[in-house]
Amino acid sequence: MNKINRFLLIYMVVITTLCGYMCYVAFYQKDTSQDKLVHQVQSTIIKEQTTKEQEETSKKKKTTYGLALRDGSLVILNNQTKEIFEYTDLTKNDLPDEVHQMLKEKKKFHSVEEVYHFLESYSS
């Protein structure tokens with residue numbers, strides 16, 4: 001009887017160890033594949049975010065401004081959206097011929113500061 005008990009004990013230990021090992025392998029492989037998938041999704045999201053940031057910065061860089069006459073007043077236009085960016089106090093009669101020529105040529109300014117600097121030079 002003692003030999004049978006030893007055999008059953010060894011049999012139970014071996015079977016338990018094999019079951020534990022199989023469960024470990026099964027769950028470990030699922031976690032590994034899921035981690036790979038999560039890593040792929042994260043890298044895709046990061047690529048999309050950097051692409052969006054680059055597009056936004058390129059849009060900001062492409063924004064130019066121009067001047068135009070509307071209802072007898074000089075206005076600053078956003079050339080990208082063609083909307084009035086800001087109204088000025090300068091009227092058509094206040095502007096020298098150089099500015100009228102520049103308006104016909106539709107000169108572009110690369111920043112708002114550049115437009116303000118230009119207007120300050122003619123308004124003073």
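Starting from 1, each residue takes its place in the sequence as its number.
Between the CD atom of Glu114 and the OH atom of Tyr65 there is a distance of 11.5 Å, given to the nearest 0.5 Å. Taken to the nearest 0.5 Å, the NZ atom of Lys107 stands 12.5 Å off from the OG1 atom of Thr64. Interatomic distance, OH of Tyr24 versus OG1 of Thr17, reported as 15.0 Å (0.5 Å rounding). Interatomic distance, CG of Leu74 versus NZ of Lys92, reported as 11.5 Å (0.5 Å rounding).
In the displayed structure, Glu98 atom CD is contacted under 6.0 Å by at most 12 heavy atoms of other residues, nucleotides or ligands. Around atom NE2 of His117, no more than 12 heavy atoms belonging to other residues, nucleotides or ligands sit under 6.0 Å away.
Hydrophobic clustering keeps Tyr21 apart from Val13 (ILVMFWY residues linked when any side-chain heavy atoms are closer than 4.5 Å, directly or through intermediates). Cluster annotation: Tyr87 is not connected to Ile76 through the hydrophobic network of ILVMFWY side chains, with a link wherever side-chain heavy atoms come within less than 4.5 Å. Tracing side-chain contacts under 4.5 Å through hydrophobic residues (I, L, V, M, F, W, Y), one reaches Leu119 starting from Phe109; they form part of the same cluster.
Checking each of Val99, Val75, Leu95 against Leu69 for a side chain to side chain contact (heavy atoms under 4.5 Å, CB included) leaves exactly one that passes, namely Leu95.
Leu67 is listed as a side-chain neighbour of Phe118, based on a closest heavy-atom distance under 4.5 Å. Under the 4.5 Å side-chain criterion, counting only non-hydrogen atoms from C-beta, Asn79 is not in contact with Lys106.
Nearest heavy-atom pair across Ala68 and Leu103 is N-CD2, 3.8 Å. The two atoms that bring Asp94 and Asp89 nearest to each other are OD2-O, 4.4 Å, heavy atoms only.
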